[in-house]
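To start, the structure under review is shown below, and the notes come after it.
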Amino acid sequence: MYDRTPQEDLLIVEALVECHDDRKDVQPERASRAWVIAKEIAASHGLEIEDAMRQRTSV
């Protein structure tokens, strides 16, 4: 199994948040699931989504 780096996880969180934002009106259930997964990945690093999104710009 491949272990992702924290930087890769930040990229995944960013992609999931974008997916959420793009699909929330068209596919609300899928958008919600993307948000939940993003939140779980961010939390695995002790971050809220907002913190993870701020950190992505510094990496």
Side-chain angles (χ1 to χ4, degrees):
M1 175 170 230
Y2 175 73
D3 290 324
R4 294 183 312 257
T5 67
Q7 292 82 10
E8 290 170 329
D9 277 352
L10 290 175
L11 180 61
I12 292 168
V13 168
E14 180 180 7
L16 288 166
V17 168
E18 287 179 10
C19 175
H20 169 267
D21 292 346
D22 290 346
R23 297 175 186 261
K24 64 184 173 188
D25 294 330
V26 183
Q27 294 177 305
E29 291 161 2
R30 188 173 181 97
S32 177
R33 184 68 182 133
W35 187 264
V36 168
I37 295 169
K39 189 171 181 146
E40 289 172 355
I41 293 171
S44 75
H45 295 281
L47 301 169
E48 295 292 329
I49 288 178
E50 294 79 10
D51 300 321
M53 294 300 285
R54 277 193 293 275
Q55 285 195 16
R56 85 196 190 292
T57 58
S58 63
V59 243

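In this text the structure is predicted, and so the values were computed from the model without any measurement. By convention here, the first residue in the shown sequence is residue 1.
- Side-chain N or O atoms of S32 include none that pairs as donor or acceptor with a backbone N or O of E29 at under 3.5 Å.
- Across every non-hydrogen atom of A52 and V13, the tightest pair is CB-CG1, 4.1 Å.
- In terms of the side chain to side chain contact (heavy atoms under 4.5 Å, CB included) criterion, D22 has no residue partners (sequence neighbours excluded).
- Heavy-atom contacts from other residues, nucleotides or ligands closer than 6.0 Å to CD of E48 number 12 or fewer.
- Heavy-atom minimum distance, A34 versus H20: CB-N, 4.3 Å.
- Once rounded to the nearest 0.5 Å, the distance linking CD1 of I49 with CD of E40 reads 10.0 Å.
- Scanning both residues, A31 and R23, for their nearest heavy atoms gives CB-C, 3.8 Å.
- In terms of heavy-atom proximity, E8 sits nearest to D3 at OE1-O, 4.3 Å.
- The CG atom of D21 sits 11.0 Å away from the CG atom of L16 when rounded to the nearest 0.5 Å.
- In this structure, OG1 in T5 is found 8.0 Å from CG in L10, a value given to the nearest 0.5 Å.
- The two residues M53 and E14 make their nearest non-hydrogen contact at SD-CA, 3.8 Å.
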